[in-house]
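For reference, the structure is listed below as structure tokens.
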Amino acid sequence: MPPNPISLGEFIIREQEKFPNASGDLSKILSSIKAAAKRVNYRILQASLHGNTPLENQKSNIHGENQTSLDVYADRIFIDSSRARREVCALGSEEQDDWIHFSDPEHNQSKYVLLIDPLDGSSNVDVNVSVGTIFSIYKRTSPLGGPAKVQDVLQSGRQQIAAGYILYGSSTMLVMSTGNGVNGFTLDPSMGSFYLSHPNLKYPKSGRIYSVNEGNYEHFPSGIKRLIKHYQTEDPKTNRPFTSRYIGSLVADFHRNLLKGGIYMYPQGTKAPQGKLRLQYECNPIAFLAEQAGGMATDGYSPILDLKPEGLHQRTPFFVGNTEMMEELHQFISNAEK
Ligand code: AHG
Ligand code: MN
Ligand code: MN
């Protein structure tokens with residue numbers, strides 16, 4: 001980092017100044033996400049002391065997954081910080097069965113919609129491994145002044161105006177895009193502030209890391225099975241075999257592959273016909289960042305950002321990585337279907 005690094009707060013103000021007519025509401029949302037992230041980070045740092053799984057009153061979310069106490073905590077922090085301000089009219093979260101409409105008259109004037117995966121990879125907290133938060137921001141499509149509508153949270157990913165993630169790793173980072181490239185900020189714990197550490201992030205042209213839960217191999221489509229075997233085959237010319245790396249936190253797996261070059265895959269399988277990951281608050285924001293960083297994200301056929309969402313918790317097969325590896329993936333899928 002340079003000697004006088006730019007803080008995330010300064011960066012947000014500078015970005016806003018490029019748009020003299022901007023209301024500043026998007027900047028306020030980003031600032032509130034930044035503040036909420038610091039609170040969640042602080043709690044995660046203590047997780048090995050206080051534990052993560054509630055011993056009683058164990059609850060499942062709508063996906064049938066056990067909610068950990070940190071899932072519930074992070075969800076509450078991000079929802080409360082949005083409710084306490086007046087920029088967001090509607091919010092969708094992995095941990096809430098239905099979308100939330102902030103229904104008081106003040107929020108009827110709010111222009112923005114927020115979608116979140118409050119804690120991604122949350123089971124990794126128990127073993128002190130990286131987790132994340134994913135966020136996605138849209139402009140509302142329903143008329144200002146009235147209540148938000150379900151269509152506000154069911155916009156296609158192409159309509160996102162900003163997206164990002166917080167990675168609670170060996171350092172805590174906030175990586176985001178407002179549609180003008182991807183920038184990464186690292187939390188300096190001695191200052192309590194995020195500083196620009198990874199400006200204008202771009203995927204390397206080529207990569208040799210693949211990230212997939214290979215335990216599901218038998219259930220994968222044949223094109224994906226062949227691609228994995230191809231990665232494992234010796235070929236000095238293309239530097240194969242490639243390296244397999246899988247953390248089981250989408251944010252952490254994506255972040256590594258963005259920096260080093262690689263592909264993340266969560267394919268459909270016979271046990272999970274639509275894969276596992278959720279379109280609106282996992283795949284779309286990550287796909288937005290991937291495209292902004294010069295990479296690609298698809299369901300194996302179409303860009304993730306062009307899929308038409310039908311439900312808040314809709315799942316989709318998900319493939320994301322540098323363009324060269326994604327093009328090879330599409331070739332393997334289409335060859336297997338000829
Ligand atoms: P979450 O903790 O938000 O439910 O997300 C977990 C997701 C994702 O982060 C990860 O890549 C994937 O689930 C791992 O799934 P498998 O254990 O099936 O590989
Ligand atoms: Mn997740
Ligand atoms: Mn989650």
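All values derive from a computational prediction rather than experimental measurement. Order of listing sets the numbers, starting from 1, for every ligand and every atom in it.
- Atoms of ligand 1 found under 4.0 Å from any heavy atom of D117 (numbered from 1 in listed order, with element): 3 (O).
- Near Y246, meaning under 4.0 Å from any of its heavy atoms, are these atoms of ligand 1: 11 (O), 12 (C), 14 (C), 15 (O), 16 (P), 19 (O).
- D306 is linked by a salt bridge (charged side-chain N to carboxylate O under 4.0 Å, His left out) to R158, counting only residues two or more places apart in sequence or in another chain.
- Of the protein's non-hydrogen atoms, G248 O, 3.3 Å is the one closest to atom 10 (C) of ligand 1.
- Heavy-atom contacts of L119 reach the following atoms of ligand 1: 2 (O), 3 (O) (cutoff under 4.0 Å).
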query: Under the ring-ring contact (aromatic ring centres under 6.0 Å, His included) criterion, do Y281 and H313 qualify, and how do the steps go?
result: CA-CA 8 Å; Y281 42 79; H313 299 294; 5.7 Å; yes
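- Geometric assessment of K111 against the ring of Y138 yields a negative cation-pi assignment under the 6.0 Å and 45° thresholds.
- A side chain to side chain contact (heavy atoms under 4.5 Å, CB included) with D75 is found for one member of E95, E94, Q67 and no other, namely E95.
- Between F11 and F185, the ring-plane angle classifies as perpendicular under the 30° and 60° cut-offs.
- Considering only heavy atoms from C-beta on, Y210 stays 4.5 Å or farther from L227 through its side chain.
- Judged by the 6.0 Å and 45° rule, R43 forms a cation-pi pair with Y73.
- The shortest heavy-atom distance from E95 to ligand 1 is not under 4.0 Å.
- The residue from H63, E94, Q67, E214 that puts a heavy atom closest to atom 3 (O) of ligand 1 is E94.
- Among protein atoms, those of element N, O or S found less than 2.8 Å away from the Mn ion (ligand 2) are D117 OD2, D120 OD1, E282 OE2.
- Between the side chain of E10 and the backbone N or O of I6 there is no donor-acceptor pair closer than 3.5 Å.
- The distance from ligand 1 to the heavy atoms of E65 drops below 4.0 Å at these ligand atoms: 4 (O).
- Protein heavy atom nearest atom 5 (O) of ligand 1, with residue, atom name and distance: D120 OD1, 3.2 Å.
- Under the side chain to side chain contact (heavy atoms under 4.5 Å, CB included) test applied with Y203, the options L259, L258, V182 reduce to a single match, L258.
- Look at E15 and K18 and you find a salt bridge, because one of the NZ, NE, NH1 or NH2 atoms lies within 4.0 Å of a carboxylate O, short of that distance.
- Listed by atom number, the atoms of ligand 1 under 4.0 Å from L250 heavy atoms are 8 (C), 9 (O), 10 (C), 11 (O).
- Checking only distances, S122 does come within under 3.5 Å of ligand 1, N or O to N or O.
- More than 12 heavy atoms of other shown residues, nucleotides or ligands fall within 6.0 angstrom of atom OH in Y217.
- For atom 11 (O) of ligand 1, the closest heavy atom belonging to the protein is Y264 OH, 2.6 Å.
- Taking distance alone, with nitrogen or oxygen atoms compared against 3.5 Å, L277 stays at or beyond that limit from ligand 1.
- The pair E214-K229 does not count as a salt bridge, with every side-chain nitrogen at least 4.0 angstrom from each carboxylate oxygen.
- No N or O atom of D253 sits closer than 3.5 Å to an N or O atom of ligand 1.
- Looking at residues two or more places apart in sequence or on another chain, you find no ring pair (Phe, Tyr, Trp, His ring centres under 6.0 Å) involving F135.
- Residue N216 has no N or O atom closer than 3.5 Å to an N or O atom of ligand 1.
- S249 places no side-chain N or O within 3.5 Å of a backbone atom of G132 that could act as its donor or acceptor partner.
- In terms of the ring pair (Phe, Tyr, Trp, His ring centres under 6.0 Å) criterion, Y195 has no residue partners (sequence neighbours excluded).
- For atom 1 (P) of ligand 1, the closest non-hydrogen atom of the protein is G121 N, 3.6 Å.
- When only non-hydrogen protein atoms are considered, atom 15 (O) of ligand 1 lies nearest to K276 NZ, 3.0 Å.
- Nearest protein neighbour of atom 18 (O) of ligand 1, counting heavy atoms only, is Y266 OH, 2.6 Å.
- Atoms of ligand 1 found under 4.0 Å from any heavy atom of E282 (numbered from 1 in listed order, with element): 3 (O), 5 (O).
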